[in-house]
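Remarks on the structure that follows.
Sequence lines set the chain letters: A, B, ... in the order given, protein chains first and strands last, and positions in each chain run from 1. Only heavy atoms go into these numbers, but all of them, side chains included; no hydrogens, no water, no symmetry mates. These numbers come from a predicted model, not from an experiment.
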Amino acid sequence: MAQKPSIPKGTRDFSPMEMGRRNYIFDTIKSIFQKYGYQPIETPAMENLSTLMGKYGEEGDRLLFKILNSGDYLKKLDENDLSEGNSQKSAIKISEKGLRYDLTVPFARYVVQHRNDIVFPFKRYQIQPVWRADRPQKGRYREFFQCDIDVIGSNSLLNETELIRVIDEIFKNLGIDITIKLNNRKILSGIATIIDEPERLTDITTAIDKLDKIGIEKVYDELRAKGLSEDAINNLEPIINLGGENSKKLLCLKELIGLSEDGSKGILEMETMLSHLELLDIKAKIEIDQSLARGLNYYTGAIIEVKANDVNIGSICGGGRYDNLTGIFGLQDVSGVGVSFGADRIYDVLNELNAFPEQSQTTSELMIINFGEKESLHSLQVLEEIHKSGIKAELYPESAKVQKQMKYANQKSIPFVLLVGEEEMKTGNYTLKDMKTGDQYKFKLSQIINFIKEY
RNA sequence: GUGAUUGUAGUUCAGUUGGUUAGAACGCCUGAUUGUGGUUCAGGAGGUCGCCGGUUCAAAUCCGGUCUUCCACCCCA
């Protein structure tokens, strides 16, 4: 027991059953991405730390997995830094690479690096694992898969609209009821301006982001703790307390922050998106949430977050517009917008809702019982013909007891078993057994193939 | 990073104020059935009680450390 092997904290193995279900999610997502014209790319698991550091805020930097340099990395260490216990400085010297933290930043790097080969606007999708040195808990893993779509090189709000169209279609197909929450960084910065605290944007947004969780009084406490004046907090109150329909929220926002330049821009963007969505047949609930902030600090315009209505697991999809992510890597004035689907959380949601389709496991449709040397050689040829017809089939590799072989087929939920014994070999009439009903038929090879195909 | 929590058979869990041989269910294996699974019946195998150390005549049980599980916060998919 104690000597059992194990895997690192927050990582998981996936069994054939789980893979069947995961692939169902990936296939659904992928086919819809492709339907809207997105093309796949992949990037390496590791990036240079200089690419990753400083893109996700302070918290994000802490959660990056760093890869130790090879060779005698200790030589490069500065004794002063070491004795001071300056792990930040020392870390840079012994580690130059890190595991990617998300797919958006590597994508921005990719775009800048390959700008001459890319046709803009570039619509790409990417389904790969990412790693975060977080403490694992419900719906939170250290290795998990993101499914990203982004459009880069287009300012049009049609892109935002399309992303919401895609989100709605994916979750509709998966059978998950969702609410899509919308906000805009410009509205947030308008709020900060109007209460005369433009420098405090991040403090304000992270505080009001917690509104649902800790209640309004505690939000005020936190804002006071961060040094906001009572005047500013009083001015903030009507904005935080906004409720009601989207149209009403927009009207109020206009009144409250319409005078600030950013604020009115943000409201206009929001209005445009909502008017686009009116034209579409969107099933999900769409809600303006002026408290939605999102910590990733590269967002500059619309912010999108998706929650499952029936399962409490945090957001299962999120994203937004970033105007200058490529600028950090040296390509100015290229705006992008994208969202990321959290495959692992979607899995957990479907699991909790019991909403996986029955047939998500990959298994043979037919298994041939192995009766011994002579029979297995004959069966090999039968199997060859069955495979040629496109049916998934296997021959049990040992001439074990029929009982045992039947049990194997049963446990792998193989629906049909074929008995090829001495008598069957002689007549060419094989015994086909339907494992569900227990019925047995005497069929010729061609009949077997037709029977299974039509089943 | 902060705070709680868990660890006993393949799995899910019992195990009294420290006391002699650590249990159950399910699963697994064998047989009833040498050409028939999923049901039934009979039998069987399987545990360094997470790891290291301490207290004690005696530790699954008490103490310390460590790892692990899971949850909340932070943050996020």
Side-chain angles (χ1 to χ4, degrees), chain A residues 1-12 25 29 56-64 87 101-104 127-148 167 202 205-207 209-210 213-214 218 222 292-297 299 303-308 312-319 338-349 367-372 375 396 399-425 430-440:
Chain A
M1 201 50 199
Q3 304 305 327
K4 254 195 198 165
S6 63
I7 53 174
K9 197 189 271 199
T11 64
R12 294 148 302 152
I25 295 172
I29 290 176
Y56 309 106
E58 220 176 295
E59 189 74 16
D61 282 354
R62 215 193 57 200
L63 297 178
L64 281 171
S87 40
Y101 178 92
D102 72 354
L103 301 177
T104 309
I127 299 179
Q128 287 189 280
V130 302
W131 294 269
R132 295 182 189 178
D134 219 346
R135 280 241 185 128
Q137 57 184 276
K138 191 181 180 193
R140 171 169 309 189
Y141 309 100
R142 286 185 149 180
E143 177 186 64
F144 60 96
F145 277 71
Q146 290 194 326
C147 314
D148 271 38
I167 291 172
T202 6
T205 53
T206 53
D209 193 35
K210 292 177 202 159
K213 269 185 188 162
I214 60 178
K218 295 233 166 128
E222 188 168 329
L292 175 65
R294 297 186 59 79
L296 296 176
N297 55 14
Y299 292 122
I303 348 182
I304 303 165
E305 190 165 289
V306 178
K307 293 208 159 189
N312 185 22
I313 197 168
S315 61
I316 50 179
C317 176
V339 290
S340 176
F341 294 78
D344 304 80
R345 284 189 178 172
I346 292 172
Y347 182 98
D348 291 344
V349 168
M367 187 192 90
I368 305 180
I369 299 273
N370 186 331
F371 281 109
E375 290 88 343
Y396 195 85
S399 69
K401 276 192 174 174
V402 175
Q403 208 177 151
K404 193 173 176 177
Q405 300 189 42
M406 283 287 180
K407 200 168 180 180
Y408 170 88
N410 190 48
Q411 282 176 329
K412 280 186 76 177
S413 25
I414 296 173
F416 293 102
V417 162
L418 192 67
L419 291 93
V420 181
E422 217 168 317
E423 197 199 314
E424 282 91 345
M425 281 170 28
Y430 305 106
T431 308
L432 183 73
K433 176 169 177 143
D434 181 332
M435 292 296 278
K436 215 171 196 172
T437 60
D439 295 345
Q440 293 195 174

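Of the listed nucleotides (B/rC74, B/rA72, B/rC76), B/rC76 has the atom at the smallest distance from the side chain of A/Arg132. Across B/rU36, B/rG37, B/rA77, the shortest atom-to-atom separation from the side chain of A/Gln403 is found for B/rG37. Checked against B/rA77, B/rG35, B/rC29, the side chain of A/Phe144 finds its nearest nucleotide in B/rA77. Taking the side chain of A/Ser315 as heavy atoms from C-beta on, and the options B/rA77, B/rU33, B/rC71, the nearest nucleotide is B/rA77.
Separating the CZ atom of A/Arg140 from the C1' atom of B/rC70 is a distance of 13 Å, rounded to the nearest angstrom. Look at CG on A/Leu418: it is 13 Å from C1' on B/rU36, rounded to the nearest Å. A straight line from NZ of A/Lys9 to C1' of B/rC71 spans 13 Å, rounded to a whole angstrom. The nearest whole Å value for the distance from the CD atom in A/Glu424 to the P atom in B/rU36 is 13 Å. Atom CD in A/Glu59 sits roughly 12 Å away from atom C1' in B/rU2 (whole-Å rounding). In this structure, A/Leu419 atom CG and B/rU34 atom P are separated by 15 Å, rounded to whole Å. Between A/Phe416 atom CZ and B/rG37 atom P there is a gap of 18 Å when expressed in whole angstrom units. Residue A/Leu63 contributes atom CG, which lies 9 Å from atom C1' of B/rG1 at whole-angstrom precision.
The closest side-chain heavy-atom distance from A/Gln405 to A/Met367 is below 4.5 Å. In this structure, A/Met406 and A/Met435 have side chains that are in contact, with non-hydrogen atoms separated by less than 4.5 Å. Annotation: side chain of A/Val402 is in contact with side chain of A/Phe371 (closest heavy-atom distance under 4.5 Å). Looking at A/Phe341 and A/Ile167, their side chains come closer than 4.5 Å, going by heavy atoms from C-beta outward. In this structure the side chain of A/Tyr141 never reaches within 4.5 angstrom of the side chain of A/Pro136, judged on heavy atoms. Side-chain contact between A/Glu143 and A/Asp344: absent, with no pair of heavy atoms (C-beta onward) separated by less than 4.5 Å. Under the 4.5 Å side-chain criterion, counting only non-hydrogen atoms from C-beta, A/Lys433 is not in contact with A/Ile369.
Looking only at atom types and distance, the side chain of A/Tyr408 has a donor-acceptor partner in the side chain of A/Lys412 under 3.5 Å away. The closest side-chain donor-acceptor pair between A/Ser340 and A/Asp148 falls under 3.5 angstrom.
Between the P atoms of B/rU69 and B/rG15, the separation comes to 24 Å (whole Å). Distance check on atom P: B/rU40 versus B/rA45 gives 22 Å, rounded to whole Å. B/rC28 and B/rG10 have their C1' atoms separated by 8 Å, with the value rounded to a whole Å. B/rC26 and B/rU20 are spaced 30 Å apart, taking the C1' atom of each and rounding to whole Å. Comparing the C1' positions of B/rC13 and B/rU55 gives an interatomic distance of 30 Å, to the nearest angstrom. Nucleotides B/rU21 and B/rC49 have their P atoms positioned 14 Å apart, rounded to a whole Å. Comparing B/rA24 with B/rA42, their P atoms sit 15 Å apart, to the nearest whole Å. For the P atoms, the distance linking B/rC71 with B/rG65 amounts to 25 Å, nearest Å.
Remark: A/Lys401 is in phosphate contact with B/rG31, judged by side-chain N or O atoms under 4.0 Å from OP1 or OP2. Contact annotation: A/Gln137 reaches the phosphate of B/rA72 (side-chain N/O to OP1 or OP2, under 4.0 Å). Considering only side-chain N and O atoms, A/Gln411 lies under 4.0 angstrom from the phosphate OP1 or OP2 of B/rC28. Contact annotation: A/Lys404 side-chain N/O to B/rU34 OP1/OP2 distance is not under 4.0 Å.
Positionally, the nearest nucleotide of RNA chain B for A/Arg135 lies more toward the 5' end than for the other of A/Arg135 and A/Cys317.
You'll find a donor-acceptor pair under 3.5 Å spanning the side chain of A/Gln440 and the base of B/rU36, going by distance alone. If you check distances only, the side chain of A/Lys433 does reach the base of B/rG37 with a donor-acceptor pair under 3.5 Å. On a pure distance criterion of 3.5 Å, a polar donor-acceptor pair joins the side chain of A/Arg345 and the base of B/rC76.
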So what is the 5' to 3' dot-bracket string for RNA chain B, if pairs are Watson-Crick or G-U wobble with both distances under 3.5 Å, crossing pairs use [ ] and | means the partner sits on another strand?
(((...(..((((.....[...)))).(((((.......))))).....(((((..]....))))))...)))....

